[in-house]
Every structure is written in structure tokens, then in C-alpha cells.
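Both ligands and their constituent atoms are indexed starting at 1 by order of listing. Owing to the predicted nature of the structure, the values given are computational and were not obtained by experimental measurement.
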Amino acid sequence: MSSVKLCSVKLNDGFFMPMLGFGTSAPNKVAKSEVEEAVMKAIDVGYRHFDSAYLYLNEEEIGRAIQKKIADGSVKREDIFYTSKVWGTFLRPELVQTSLEISLRKLQLSYVDLYLIHIPIPLKPGEELFPKDEHGELIFDTVDLCATWEAMEKCKDSGLAKSIGVSNFNHKQLERILDKPSLKYKPVCNQVECQPYLNQSKLLEFCKSQDIVLTAYAALGSNSGKEWLSKNNPVLLEDPVLSAIAARHRRTPAQVALRYQLQRGVVALAKSFNEERIRENFQALDFQLTPEDMESLDSLNRNIRYFVDPLVNRWDGVLCGHPQLMPLSLCLPHRST
Ligand code: NAP
């Protein structure tokens, strides 16, 4: 059996996604060479699912790491589950495949396992990832995301992406895609911030009802001091309930935070470039929380977002082609994540 199938969830298109993924987004000040080393270590530890994006500007390094581990016989291409994402400046339908081809060239891969719409926010196409006008305001674009989705479907048909999905979509935005006339493929997943303080229980329920996997980013509370994260939030990994559960199981708070997601059927991403923590996080796969632990963790839900409140409901304006409804703050949290 391919190692992608181990501890994996079956997607609605028949492919398998490993439940624990390795996050690769780091603040710009972190040298890109660190991600290459980290991905190689992660492969050695056992991770097979890697999450990146055009926006992260690290696909060359990740590609090199994967190629090296294939060359030394550690893995085969089919053992790896690689996710990339199309950024907001490429959401016009004619640009979607171009963006994917750029990522694939950097990665030295012939396909990605999963391709996501990174944000439901079209931005002015061009070189700038955050195009701004003379007043420093972001310049949005008017794109019907249903047309973007059709371009995503073509990426799947061409074999450049095995599966396709979305990220940072709310319930209504997902419905717009699901209700699209002549929908060919449903999104296989929706990747959103999800951690015990923001457990996304309603969105999770909706996703499950539609056979869409919810993938959690910032599952550890994104404890990285990134400048665009909300300040003054409590540190998730210092939460007393999380810490007490961890102590009872002789585990760490990070392992409990990840295990919580896995046991509720959520795919969890964890970023670490530190060898010990890379290993520690992977061990979230090998223990079990009790139903009482799960209940206590559920009770931590309190609508705390580490990524600045994206006011997701207002994103509907974008789907309808009214980008002016979208506040500037929506894009900033995603600058290099
Ligand atoms: P995260 O995984 O919740 O947290 C990462 C931070 O936690 C890093 O600072 C890391 O530092 C630290 N950490 C890792 N393991 C730890 C442990 N065992 N104990 C204590 N601290 C630990 O946050 P994230 O990177 O924001 O999110 C994960 C991934 O999701 C990203 O890398 C990216 O791939 C994806 N993502 C996607 C979106 C989107 O819009 N779709 C947005 C954000 C993130 P060290 O490296 O020093 O260990």
C-alpha cells in the first residue's frame, strides 16, 4: 500500500490525503534554505503531506528537498501528497493554469496532489502579490469565482492537479460553488484556521455533510510572532486545559492540539523547522484522547482567531463581483502564509 494511504482520509474524488500535514509557511526573515532542510527532516520522520502555496515563495526549495529524498531512495513521488494554492492575483480563469504551471516548474514536479484557491479574494493580476494604488490601498479585481472554479476543474482534467479544493471559504462561499450549474467536481477540501479556540464546529458539520474535508491551519495557534497575526491573544499552547490533558497523557500541548483535530476528522497542518518539534508533532498520530478530553477541548471554543478576523461573511461581495465590500484587513493576514 502506498504510504499516502496510511492515516489518510479518502477524498470525495477517490484520492487519499494524509491526516497530518507539514506546514511550510514562515516569516520572510527566515532563510528559504531552512524550509529545504525542514522538509527533508520531515520526510525522514515520516510526514508525507506537505502544504505550500505560490504565495510562500518557497516552492523551489521544497521541490529540491522532495527531489533529493526521491533520489536517495527515501520516498517515491507517489508517496508524497503535495498541496499548492493559486494566489488572488491569478483568479481570472485564464491565469489559473498558468500559476499552477509556474509552481510545477519551480517544484520540478509534473503534478500536484491538491490545488486550492488560496483566498476568495481576486486581486489585480500582475507581478505584485499585493498590488496597491498610489494611496497604498490594495487593488482588487472583479472575477466570478465560479469561473475560477471551472478553471480549477480544467487543471484536474489536464492531470496537473489530482484534486482541487478551496481555502478560507465560509459556508456561503462553499455553497456558491456547490450550487454552480453544471458543477463537474466538488471541492475536496476547505483549508481554514482551526484550533481549539476557533474550532469551526459549524463549518466542519457543513463540510462533513457535503463530503468535503476540513483542513486546519494554525492548528498550534501559529505561535510564530508573525507581524500580521492578531496581537494580545492568549497563547494556545499555554492553555491550562490543554496542558492538563497533555500532562495526563504524558504528551505535549502541541500533540494534544493536533490530536484533537485528527479525532474529529479534521486534517491538521503543523509547521515546525525545528527537528525535535517536527518529530514531536508527528507523534500526534500515535495516541488517543478520551471522549472526556475531546469534550473539554470542545469547550475551549471562544472565537479567537490568530489570523486577523477575515470578516468572512463580507467576502460574499467578492463572489458577487463587488470587491469594494471587502475590507483591506482581509488580505493582510495572508501576506506570506
Ligand atoms: P502553526 O503550525 O499553528 O504554528 C507554527 C508555529 O508553532 C511555529 O512558530 C513553530 O515554531 C511553532 N511550533 C511548532 N511545533 C511546536 C511545538 N511542538 N511546540 C511549540 N511550538 C511549536 O502555524 P502556521 O504555520 O501559521 O500554520 C500551519 C501551516 O498552515 C502553514 O505553515 C501553512 O502551510 C498553512 N497555512 C495556510 C493558510 C491559508 O490561508 N490557507 C494560512 C496560514 C497557514 P518552530 O518552527 O520554531 O517549531
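- With a heavy-atom cut-off of 4.0 Å, Ala53 does not touch ligand 1 at all.
- Every atom of ligand 1 with a heavy atom of Glu280 under 4.0 Å away is listed here by number and element: 17 (C), 18 (N).
- The proximity of Phe307 to ligand 1, defined as any non-hydrogen pair under 4.0 Å, is limited to the side chain.
- At a 3.5 angstrom cut-off on N or O pairs, Ser52 does not count as close to ligand 1.
- Residue Ser167 has at least one N or O atom closer than 3.5 Å to an N or O atom of ligand 1.
- Here Asn281 has side-chain heavy atoms under 4.0 Å from ligand 1, and that is the only part of it that gets that close.
- At a 3.5 angstrom cut-off on N or O pairs, Ala270 does not count as close to ligand 1.
- Residue contacts with ligand 1, taken as heavy atom pairs separated by less than 4.0 Å, do not involve Val192 at all.
- Using cut-offs of 30° and 60° for the angle between ring planes, the His171 and Phe206 rings count as parallel.
- Annotation for Pro253 and Ala246: closest pair N-CB, 3.6 Å, computed over non-hydrogen atoms.
- Annotation for ligand 1: atoms under 4.0 Å from non-hydrogen atoms of Asp51 are 33 (C), 34 (O), 35 (C).
- When non-hydrogen atoms are compared, ligand 1 lies under 4.0 Å from neither the backbone nor the side chain of Thr252.
- In this structure, the side chains of Met17 and Thr215 come closer than 4.5 Å at one or more pairs of heavy atoms.
- The heavy atom nearest to atom 12 (C) of ligand 1, considering only Lys271, Glu34, Gln191, is found in Lys271.
- For Tyr56 and Trp87, the gap between ring centers reaches or exceeds 6.0 Å.
- Among Pro253, Pro27, Ser222, the residue whose heavy atom lies nearest to atom 23 (O) of ligand 1 is Ser222.
- Considering both main-chain and side-chain atoms, Leu237 never comes within under 3.5 Å of ligand 1 through any nitrogen or oxygen pair.
- Using a 4.0 Å cut-off between heavy atoms, Ala254 contacts ligand 1 through its side chain alone, with no backbone atom that close.
- Taking the six-membered ring for Trp and thresholds of 30 and 60 degrees, Phe273 and Phe22 have nearly parallel ring planes, at less than 30 degrees apart.
- For the residue pair Asn274 and Ser272, no side-chain donor N or O sits within less than 3.5 Å of a side-chain acceptor on the partner.
- For the pair Lys156 and Tyr115, the cation-pi test (distance below 6.0 Å, angle within 45°) is failed.
- For ligand 1, the atoms closer than 4.0 angstrom to any heavy atom of Lys85 are 41 (N).
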